[in-house]
Asks: 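To start, I am sharing the structure in question, which I have written as structure tokens.
Note on naming: letters A, B, ... go to the chains in the order of the sequence lines (proteins, then strands), and numbering restarts at 1 for each one. Excluded from the calculations below are hydrogen atoms, water molecules and symmetry mates; all remaining heavy atoms, backbone and side chain alike, are included.
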Number of protein chains: 2
Amino acid sequence: MKKVTMADVAKLANVSKSTVSQYLNKRYEYMSEETRKRIAEAIEELGYQPNVIARSLKQKTTATIGVIVFNMLHMMTTQVLHAIEEECQKRGFQVIVCNSGDDPDKEKTYVDTLLAKQVDGLIVFPTGKNEDVYRCLVEERFPLVFVDRMVPGVEADSVLLDNFAAAEMAVDYFASNGYGRIAIVTPPLVPYNVPRMERLEGFRAAMRKRGMDVEERNIIAADPGALPEVLKQRFAEPKRPNALFAINDLTLMGVLRFVKETGIRMPDELAIINIDDVPFADIYTPALTTIAQPTFAMGKKAAERVFEQMDSNHADSPRVFRFSPALMERTWIKRGNGKEGRRNDEDS
Amino acid sequence: MKKVTMADVAKLANVSKSTVSQYLNKRYEYMSEETRKRIAEAIEELGYQPNVIARSLKQKTTATIGVIVFNMLHMMTTQVLHAIEEECQKRGFQVIVCNSGDDPDKEKTYVDTLLAKQVDGLIVFPTGKNEDVYRCLVEERFPLVFVDRMVPGVEADSVLLDNFAAAEMAVDYFASNGYGRIAIVTPPLVPYNVPRMERLEGFRAAMRKRGMDVEERNIIAADPGALPEVLKQRFAEPKRPNALFAINDLTLMGVLRFVKETGIRMPDELAIINIDDVPFADIYTPALTTIAQPTFAMGKKAAERVFEQMDSNHADSPRVFRFSPALMERTWIKRGNGKEGRRNDEDS
DNA sequence: TTGTAGGCGTTATCAT
DNA sequence: ATGATAACGCCTACAA
């Protein structure tokens, strides 16, 4: 099967390999109609398929980019990947997908492997802990784009959610609907997880701006699994929150489990909003208002940026692209304090 | 950066390229401790990274497999992909992911491209419409595994859900909980979509086995978007079903939208079960009982099979692997007919 | 308009 | 124990 090489085609068509090569690269300029046809026939007859590997070796370009993600199972990741793939498809590029599982060592190994495989660029959802690795890449002007998180200390293109805007959106949403005792719910806070910190900071800032202060115990940080218990504890204490801002979809699940287990009533006793749109938002009762990341646009931009970096040597300085979150308003907010409810039937 | 080649290392270490090559391939057998060390140092000093492309050209093997899926956004796909990636990682393989969007032409193009890129094997969630393409591969003993669907007329390894068992599971579940008027809900039926047809057939068989007959109007086929309306119509007719078997997660969404819009009460007036576990199953009220596909095991098996095909030339005849669905029982079934409820807190 | 020759970075086969 | 040399399949001057 794959034994058919350019030489075979050349022989059958009675021309030299070079001529076949010309033909394949569509440099028909000085080729006689005659030979062109003969070559075409030969290719057809032999079922010849060029060997891209050989071409790559010569041209030092593989039409392949590597994507390293820290969690393939996140919907956000899937959606961004989808957009990246689509964009690559347009340019005839392929995507090698690697899952680091948020393990910096694996991440490093993958970077090495992908470089060895001569990928033309790298899109990374970074663990955030491989500063040195990435700094090298940047220094060597290797096409690189970070998504979702960035790596502190590395100046590279980054495609991120505007986390401050998202947090502010959440606070605004609660406040304008009359919810005042707002708590933020997040996975454990770690300094190298930039979005998490930004969302918290954004939350603090937004609260401050509205003249509300954030009690420390209203910053509820726990792994999603432990969340129901942690929330129960918090709700046993005085001044229970009446609004929870879940920092991502996983956290939201923890919150909803808590809601279900305690039977707390949802628009009345407690309002919820979260970052990351979830597929069941509008079939849940009450429908869930969420803050969606424009995942498709983000993936597209990430791909576009690697391509731009590949195409230009005059390395313009790295840029950070902040994408605006979108409020997916779905809840009837109907409270005792007189505020009238409203509804918005946006579909994701 | 990438300019460092084996020749450079060889020069710096004062040996020949061959020796360096030996070293890299760990054929230390006849190598002096001395030179080994010198090479190691040279490599270190130059920051040499072998060029896998060159190796591939020589060895005719790329340590890469291609995966073509018809819908990257399906959770099932994501999960299987995840398992595949993990399995590949263990063997030092990489995965090129391609999304055909269920378009046979794109699918064909991808097969060609991946072959040109010399992937060592192919895992495909097929559109089902490229019989000829795949038949060629099989004839040439190219490592190939189908997942989720199979291609009629192509004898290749396939990793599938046991759709009959799944349908039977659904019927049993309803029947043993006292629901008798069972309808099946599915996307439009098309003959080349094997799982869909199998699920319907399995449903018919299971009903027959229990002495219940399937009225044609209890086979509700519609696109998820139109489903709420279609269901409303059906429920306006006499003998409305009291149990709906949704054939997949997308269909389930349509059903749940219908439930929400009509306010039909869920364990009492209507029971639901569906294929594909969904993340919100246990936070929904009432909790949803689902029939889960063992996606992880399926992905793992698919990868294992490509590897086995790669490793053995004595091509054993293609096998079809049917994976048993798992009942994720979460609903309190509590009906007026005296049946006692039960609960099962399995986590996905 | 087409052919020749050299090279891309490795590996493999022999020598030495 | 190590080194020359020829592939691998394609591309690209340059020559004819």
Side-chain angles (χ1 to χ4, degrees), chain A residues 1-40 42-43 46-64 112-120, chain B residues 1-40 42-43 46-64 92 112-113 115-120:
Chain A
M1 160 194 199
K2 318 227 77 51
K3 341 204 64 178
V4 196
T5 157
M6 237 176 57
D8 299 321
V9 176
K11 204 184 305 169
L12 204 164
N14 260 315
V15 294
S16 78
K17 291 194 297 174
S18 350
T19 313
V20 178
S21 179
Q22 308 273 60
Y23 174 87
L24 289 174
N25 296 313
K26 312 211 187 302
R27 303 217 58 72
Y28 300 134
E29 328 210 330
Y30 302 111
M31 203 178 307
S32 74
E33 182 63 30
E34 170 60 15
T35 45
R36 201 188 315 179
K37 190 164 294 170
R38 278 217 312 284
I39 295 177
I43 288 179
L46 298 174
Y48 167 71
Q49 295 270 154
N51 180 333
V52 180
I53 292 292
R55 196 217 311 285
S56 293
L57 179 57
K58 184 73 193 183
Q59 295 185 159
K60 302 156 114 26
T61 170
T62 53
T64 306
D112 290 342
T113 312
L114 290 173
L115 289 183
K117 283 206 170 162
Q118 312 291 116
V119 295
D120 298 331
Chain B
M1 159 196 197
K2 320 227 76 51
K3 339 205 66 177
V4 197
T5 157
M6 237 178 55
D8 301 321
V9 177
K11 205 183 305 169
L12 205 164
N14 259 315
V15 293
S16 77
K17 290 193 299 175
S18 339
T19 311
V20 178
S21 179
Q22 309 274 59
Y23 174 87
L24 289 172
N25 296 313
K26 312 212 188 300
R27 302 217 58 72
Y28 300 134
E29 329 211 329
Y30 301 110
M31 201 177 309
S32 74
E33 184 62 30
E34 170 59 16
T35 45
R36 202 187 315 180
K37 191 164 293 170
R38 277 217 314 283
I39 295 177
I43 288 179
L46 298 173
Y48 166 72
Q49 294 271 154
N51 180 333
V52 179
I53 292 292
R55 195 215 315 282
S56 293
L57 179 58
K58 185 70 190 178
Q59 292 186 161
K60 306 159 105 38
T61 172
T62 53
T64 305
D112 290 343
T113 312
L115 289 183
K117 284 205 170 164
Q118 312 291 115
V119 296
D120 297 331

Asks: When the distance from CZ of B/Arg38 to C1' of D/dA1 is rounded to whole Å, what number comes out?
Replies: 12 Å
Asks: Which residues satisfy the side-chain hydrogen bond (donor to acceptor under 3.5 Å, both in side chains) test with A/Thr35, sequence neighbours excluded?
Replies: A/Ser32
Asks: Enumerate, atom names and distances included, each donor-acceptor pair closer than 3.5 Å involving a side-chain atom of residues 8-15 of chain A, sequence neighbours excluded.
Replies:
residue: A/Asp8; atom: OD2; partner: A/Thr5; partner atom: N; Å: 2.8

Asks: For A/Ile53 and C/dT10, give me the distance from atom CD1 to atom C1', rounded to whole Å.
Replies: 13 Å
Asks: According to salt bridge (Lys or Arg N to Asp or Glu O under 4.0 Å), who are the partners of A/Arg38, at least two apart in sequence or on a separate chain?
Replies: A/Glu34
Asks: Listed by chain and number, what are the side-chain contact (heavy atoms from CB on, under 4.5 Å) partners of B/Ser16, not counting sequence neighbours?
Replies: B/Ser18, B/Thr19
Asks: How would you summarise protein contacts on nucleotides 11-16 of chain C per nucleotide, using B for base, S for sugar-phosphate only and - for none, with heavy-atom distances below 4.0 Å?
Replies: BB----
Asks: Using the side-chain heavy atoms of B/Ser32, tell me which of these nucleotides is nearest: D/dT2, D/dC10, C/dG9.
Replies: D/dT2
Asks: Rounded to whole Å, please give me the gap between CG in A/Asp8 and C1' in D/dG9.
Replies: 11 Å
Asks: Taking only residues two or more places apart in sequence or in another chain, which ones pass side-chain contact (heavy atoms from CB on, under 4.5 Å) with A/Lys37?
Replies: A/Glu33, A/Glu41
Asks: Quick one: list whatever passes side-chain contact (heavy atoms from CB on, under 4.5 Å) with A/Ser56, sequence neighbours left out.
Replies: A/Val52, A/Thr62, B/Ile53
Asks: For A/Lys60 and D/dT12, what is the distance between atoms NZ and C1' respectively, to the nearest whole Å?
Replies: 15 Å
Asks: Over how many whole Å does the gap from A/Leu46 atom CG to D/dG9 atom P extend?
Replies: 14 Å
Asks: How close or far is atom P of C/dG9 from atom CD of A/Gln118, stated in whole angstroms?
Replies: 9 Å
Asks: Taking the side chain from A/Asp120 and the backbone from A/Ala63, do they hold a donor-acceptor pair closer than 3.5 Å?
Replies: yes
Asks: Would you tell me if any nitrogen or oxygen in the side chain of B/Thr19 comes within less than 4.0 Å of OP1 or OP2 on D/dG3?
Replies: yes
Asks: Return the set of residues passing side-chain hydrogen bond (donor to acceptor under 3.5 Å, both in side chains) with B/Lys117 (not counting sequence neighbours), or none when no residue passes.
Replies: A/Thr64, A/Gln94
Asks: Nearest to the side chain of A/Thr5, which nucleotide is it out of D/dC10, C/dT10, C/dT1?
Replies: D/dC10
Asks: Applying a 4.0 Å non-hydrogen cut-off, can you work out what B/Asn14 is touching in the nucleic acid: base, sugar-phosphate, or nothing?
Replies: sugar-phosphate
Asks: What is the nucleic acid contact for A/Thr35, judged by heavy atoms within less than 4.0 Å: base, sugar-phosphate only, or nothing?
Replies: sugar-phosphate
Asks: Over how many whole Å does the gap from A/Leu57 atom CG to C/dG6 atom C1' extend?
Replies: 13 Å
Asks: Counting only side-chain heavy atoms from C-beta out, which of C/dT10, C/dT1, D/dT2 sits nearest to B/Tyr48?
Replies: C/dT10
Asks: When you measure from the side chain of A/Asn51, which nucleotide among C/dG3, D/dC10, D/dT2 comes out closest?
Replies: D/dC10
Asks: Taking the axis from the first five pairs and the axis from the last five, what angle separates them in the helix from C/dT1-D/dA16 to C/dT16-D/dA1, rounded to 10 degrees?
Replies: 40°
Asks: For B/Leu24 and B/Ile43, run side chain to side chain contact (heavy atoms under 4.5 Å, CB included): C-alpha distance rounded to whole Å, both residues' side-chain angles, the deciding distance at 0.1 Å, then the answer.
Replies: CA-CA 10 Å; B/Leu24 289 172; B/Ile43 288 179; 4.0 Å; yes
